[in-house]
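First up is the structure itself, then whatever we jot down about it.
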Number of protein chains: 2
Amino acid sequence: MDGTARDGGRMKRSRPATRERLLDAASEVFGERGFAAATVEEVCERAGFTRGAFYSNFATKEELLLALLDREEAQVLERLSAAVDTATRDSSLVSVVTGRLFDLQPFGSGNYGLRAELSLLAVRNPELAAPYLAARRAFRARFQPFLERALASAGLRLTVSADDALVTIEALFDVSARDALIAGADPNAGDNLARRMLPALLAGMTTRHGD
Amino acid sequence: MDGTARDGGRMKRSRPATRERLLDAASEVFGERGFAAATVEEVCERAGFTRGAFYSNFATKEELLLALLDREEAQVLERLSAAVDTATRDSSLVSVVTGRLFDLQPFGSGNYGLRAELSLLAVRNPELAAPYLAARRAFRARFQPFLERALASAGLRLTVSADDALVTIEALFDVSARDALIAGADPNAGDNLARRMLPALLAGMTTRHGD
DNA sequence: CGTATTCAATACAGCAACGTATCTAACGCC
DNA sequence: GGCGTTAGATACGTTGCTGTATTGAATACG
């Protein structure tokens with residue numbers, strides 16, 4: 001599936017590969033339990049290693065967090081770049097924006113836990129603020145063309161800054177996911193809050209093109 | 001200031017009073033550090049007690065959390081009830097809604113850390129889901145008249161459900177506070193995201209009354 | 001084919017925080 | 001004003017997790 005392949009079920013021993021697996025596990029565990037409650041033991045278990053492997057690759061749990069943030073940003077931008085060409089135009093404005101945001105969601109698709117965790121960590125931990133803001137800004141900057149093209153092809157134009165628009169749309173999707181998760185519902189359900197409110201939100205921040 | 005007064009700097013010994021002070025401290029510490037990273041030691045220090053006092057009032061840290069959630073809900077509803085009559089009508093729709101939400105914000109005014117923490121705990125901890133949802137629903141149910149009266153007096157009517165509207169507005173205020181905090185700015189600044197976007201948001205989900 | 005090096009496992013020491021059990025002092029009551 | 005009760009402080013045991021130091025295996029290289 002990926003470059004660092006397994007050979008017969010046992011991953012070939014390679015530093016980058018174990019780092020990746022540890023980071024994968026960390027993104028899961030941090031999302032599920034939160035950074036503070038997460039133990040490096042659990043991260044290692046989930047990755048199929050012992051703590052020895054971990055401390056051979058990372059100095060502390062904090063360092064793992066930093067590395068995770070870096071990688072998440074890289075992954076998101078990568079995913080966005082790869083998706084630029086797939087310009088669907090057969091569907092409605094709302095479903096285009098919705099689909100794009102769900103697919104390309106920063107910090108992993110549908111992974112609300114990790115997203116929320118990272119944002120709270122950024123609020124509480126000043127040293128995370130800069131990388132966090134940079135990552136999110138980069139995402140919005142790259143997503144912006146999507147939104148504007150989708151709007152343009154519907155004959156609409158933003159009446160607020162594109163950045164404000166994107167932040168607000170993201171917030172809507174986040175709260176939609178959050179409330180669904182808390183209520184035990186499917187965050188991607190067709191009748192979720194995001195889908196109900198997005199038309200109104202888009203309507204409020206756009207006008208017809210010749211205005 | 002309050003009923004359980006100090007007598008010359010030393011609080012009179014009373015179980016309810018210490019509970020209150022512990023809960024106050026907990027709301028601070030949980031908001032600042034997060035529930036998992038918070039130690040009961042720090043909560044007690046902040047409240048001016050030792051852990052002995054704590055374990056005399058609460059069995060575990062989790063129980064403290066439950067009690068906190070209960071109290072926050074009660075406080076919010078109380079604050080809402082007390083504010084029902086102060087119906088300002090000299091200011092714009094936006095500033096009315098804005099002011100009300102800032103003043104009556106559930107879970108303490110401006111205390112983003114605690115609000116976010118509690119929501120994440122509710123996502124991760126199924127046993128918190130029900131009380132959390134109940135508290136939020138109660139808040140929205142009581143806040144709804146505010147919004148609808150404010151809109152009505154501006155000649156507007158919602159085109160989406162009042163609940164959806166309130167959830168979305170709250171989400172906007174939350175993300176506004178969050179981003180300000182991360183950026184090291186004042187969440188209540190006059191040019192924050194919430195104030196910039198609220199007009200568009202309200203416009204998108206209302207129509208003039210005779211429509 | 002053997003040696004050196006790298007990576008991960010194991011074993012260990014130390015700490016921090018929880019929760020308990022005991023003690024002391026204040027308040028209520030008669 | 002002594003006596004019982006209640007609230008909070010002190011002291012302690014226990015656990016779980018972190019981070020380090022050491023050992024063992026696998027790979028690369030000569």
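In what follows, every chain begins at residue 1, and chains take the letters A, B, ... in the order their sequences are listed.
- At whole-Å resolution of the value, CZ in B:Phe54 and P in D:dA7 are 16 Å apart.
- Distance B:Glu42 CD to C:dA16 P: 14 Å, rounded to the nearest Å.
- In this structure B:Asn125 satisfies the side chain to side chain contact (heavy atoms under 4.5 Å, CB included) test together with B:Glu127, B:Leu128, sequence neighbours excluded.
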| task | Do nucleotides 10-15 of chain C as a string where each nucleotide becomes B, S or -: B if the base has a protein heavy atom under 4.0 Å, S if just the sugar-phosphate does, - if no protein is that close. | result | B-----
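- Atom C1' of nucleotide D:dA11 and atom CD of B:Glu41 are separated by 13 Å, given to the nearest angstrom.
- Remark: B:Glu117 engages A:Arg124 in a salt bridge, criterion side-chain N to carboxylate O under 4.0 Å.
- Atom pair B:Arg33:CZ and C:dA16:P shows a separation of 15 Å (rounding to whole Å applied).
- For the pair A:Arg19 CZ and C:dT6 P, the interatomic distance rounds to 17 Å; values are reported in whole Å.
- Qualifying salt bridge (charged side-chain N to carboxylate O under 4.0 Å, His left out) partners for A:Arg51, counting only residues two or more places apart in sequence or in other chains: A:Glu41.
- Evaluation of the salt bridge (charged side-chain N to carboxylate O under 4.0 Å, His left out) rule for A:Asp70 yields no partner, not counting sequence neighbours.
- Distance, A:Phe35 CZ to D:dT18 C1': 12 Å, rounded to whole Å.
- Residue A:Asn57 places no side-chain N or O under 4.0 Å from the OP1 or OP2 atom of C:dC7.
- Between the CG atom of A:Leu64 and the P atom of D:dC17 there is a distance of 16 Å, rounded to whole Å.
- Among the nucleotides D:dC17, C:dA8, C:dG19, the one closest to the side chain of A:Arg15 is C:dA8.
- Identified under the salt bridge (charged side-chain N to carboxylate O under 4.0 Å, His left out) test for residues 180-189 of chain A, with sequence neighbours left out: none.
- Contact annotation: B:Thr18 reaches the phosphate of D:dG8 (side-chain N/O to OP1 or OP2, under 4.0 Å).
- If you measure from atom CZ of B:Phe49 to atom P of D:dT10, you get 13 Å, rounded to the nearest angstrom.
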| request: Step by step, work out the side chain to side chain donor-acceptor pair (under 3.5 Å) result for A:Ser56 and A:Arg15. | output: CA-CA 9 Å; A:Ser56 166; A:Arg15 211 167 177 69; 3.3 Å; yes
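- Contacts of B:Tyr55 with the nucleic acid, taken as non-hydrogen atoms under 4.0 Å apart, include base atoms.
- Qualifying salt bridge (charged side-chain N to carboxylate O under 4.0 Å, His left out) partners for B:Arg46, counting only residues two or more places apart in sequence or in other chains: B:Glu28, B:Glu32, B:Glu42.
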